[in-house]
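Just below is one structure, and these are the notes that go with it.
Read the numbers this way: they start at 1 and go in the same order the structure lists the ligands and their atoms.
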Amino acid sequence: MTASTSLLTEQATSRFVRIQEGDLDLQLHYNDAGTGPETVVMLHGSGPGASGWANFNRNVEPLVAAGFRVILMDCPGWSKSDPIVCTGSRSDLNARALKGLLDAIGIDRAHLIGNSMGGHSAVAFALTNPARVGKLLLMGGGTGGASPFAPMPTEGIKLLQGLYREPTIENLKKMMNVFVYDTKDLTEELFQARLDNMLARRDHLENFVKSLAANPKQFPDFSPRLSEITAQTLIIWGSNDRFVPMDTGLRLLAGLPNAELHVFNRCGHWAQWEHADKFNRMVLDFLTH
Ligand SMILES: O=C(O)/C=C/C(=O)/C=C/C=C(\O)C(=O)O
């Protein structure tokens with residue numbers, strides 16, 4: 001561990017910023033780690049209790065050690081960011097929040113890593129702000145839309161929505177057991193931390209349910225527009241993903257002109273966590289070559 005990575009805790013990297021982006025006027029929470037000429041932004045998924053730190057805590061340190069600045073944005077409606085009810089496209093809402101954040105903290109251009117909803121949001125950002133995107137890494141997400149192979153909503157998304165409606169430890173365990181292929185690393189400590197995150201912000205849970213009632217399709221299908229994105233893209237999927245099925249990754253590969261796809265076997269919806277070491281090596285190789 002170097003001096004620059006020794007202070008990589010959630011608390012030490014926690015920051016708040018006020019953003020004004022069109023009609024969005026919000027306080028956002030983010031984590032800001034490391035220094036360097038290039039910035040990597042990580043965008044988390046849409047589960048109850050998710051946050052940048054919860055999703056990517058196994059992935060920050062290697063990037064910081066390699067000389068990147070890493071920003072984890074907590075999307076509006078999650079963690080310590082302000083609450084919101086989203087009645088339109090949540091992917092586009094998050095993209096606007098990200099533009100507001102980058103403007104507010106003076107970052108012109110960044111590489112984006114998105115997990116699930118974070119992937120949908122990264123694509124929305126790349127479509128509206130192409131000059132501000134370096135490379136794109138999409139994991140278990142990138143576009144909404146139906147799967148021709150898996151019943152929709154998938155079993156994972158049904159559990160996720162059930163947990164928003166009834167936020168109990170039992171429902172949390174049911175959902176998290178489906179997140180990953182191998183459940184042995186899901187400790188009581190991890191369940192408890194995620195439960196605490198969730199229950200700390202009942203307003204976020206209620207707002208998610210209201211948002212879904214107002215617009216059940218929070219994540220639009222970007223397939224017809226993917227060819228507009230010229231950024232070099234690495235798509236990563238778990239072959240056992242029970243939240244966003246792997247054929248979504250194939251759809252992204254077919255649509256994005258400069259993309260390649262890596263599929264992890266024995267891996268669910270959290271490739272960045274389940275295969276963290278290999279994932280981190282792949283990210284560094286992708287970003288530095
Ligand atoms: O419905 C979708 O397309 C997206 C679903 C998600 O974003 C689910 C993400 C779950 C997590 O990764 C999490 O940590 O909550």
- Message: Tell me whether ligand 1 is touched by Q218 - counting only heavy atoms on the residue side and a distance under 4.0 Å.
- Response: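 Q218: no contact with ligand 1 (<4.0 Å).
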Salt-bridge test for [X] and [Y]: reply yes if a basic N is under 4.0 Å from a carboxylate O, no otherwise.
X    : Y    : answer
D32  : R69  : yes
R58  : D277 : no
D103 : R132 : yes

- Item | For atom 13 (C) of ligand 1, the option (of F179, W78, F219, W273) bearing the nearest heavy atom |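 Going through F179, W78, F219, W273 one by one, F179 has the nearest heavy atom to atom 13 (C) of ligand 1.
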- Message: Among F56, W270, F243, which one puts a heavy atom closest to atom 12 (O) of ligand 1?
- Response: W270
- Residue, atom and distance of the protein heavy atom nearest atom 14 (O) of ligand 1 read N55 ND2, 2.8 Å
- Message: Give me the nearest non-hydrogen protein atom to atom 3 (O) of ligand 1 as residue plus atom name, then the distance to 0.1 Å.
- Response: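 Here the nearest protein heavy atom works out to H120 NE2, 2.8 Å.
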- Give, for atom OG1 of T87 and atom CG of L212, the distance between the pair rounded to the nearest 0.5 Å. 12.0 Å
- CZ-CD distance between F208 and Q218, expressed to the nearest 0.5 angstrom: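 Output value for this atom pair is 6.5 Å.
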Contact atoms of ligand 1, heavy-atom distance to [X] under 4.0 Å:
X    : value
I157 : 1 (O), 2 (C), 5 (C)
S116 : 4 (C), 5 (C), 6 (C), 7 (O), 8 (C), 9 (C)
L160 : 8 (C)

Give yes if a backbone or side-chain nitrogen or oxygen of [X] is under 3.5 Å from a nitrogen or oxygen of ligand 1, and no if not.
X    : result
M117 : yes
G47  : yes
R194 : yes

Listing, residues 254-262 side-chain donor-acceptor contacts under 3.5 Å, not counting sequence neighbours, or none:
| unit_1 | atom_1 | unit_2 | atom_2 | d |
| --- | --- | --- | --- | --- |
| N258 | ND2 | T230 | O | 2.8 |

- Give a yes or no on whether the backbone of F219 and the side-chain of R90 come within a donor-acceptor separation of less than 3.5 Å.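 Here the side-chain-to-backbone pair does not exist.
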- Query: For ligand 1, which part of A50 has a heavy atom less than 4.0 Å away: the side chain, the backbone, both, or neither?
  - Reply: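 The side chain, only.
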- Is any side-chain heavy atom of W53 less than 4.5 Å from a side-chain heavy atom of N55?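 When only atoms from C-beta onward are counted, N55 and W53 do not touch, as no gap falls below 4.5 Å.
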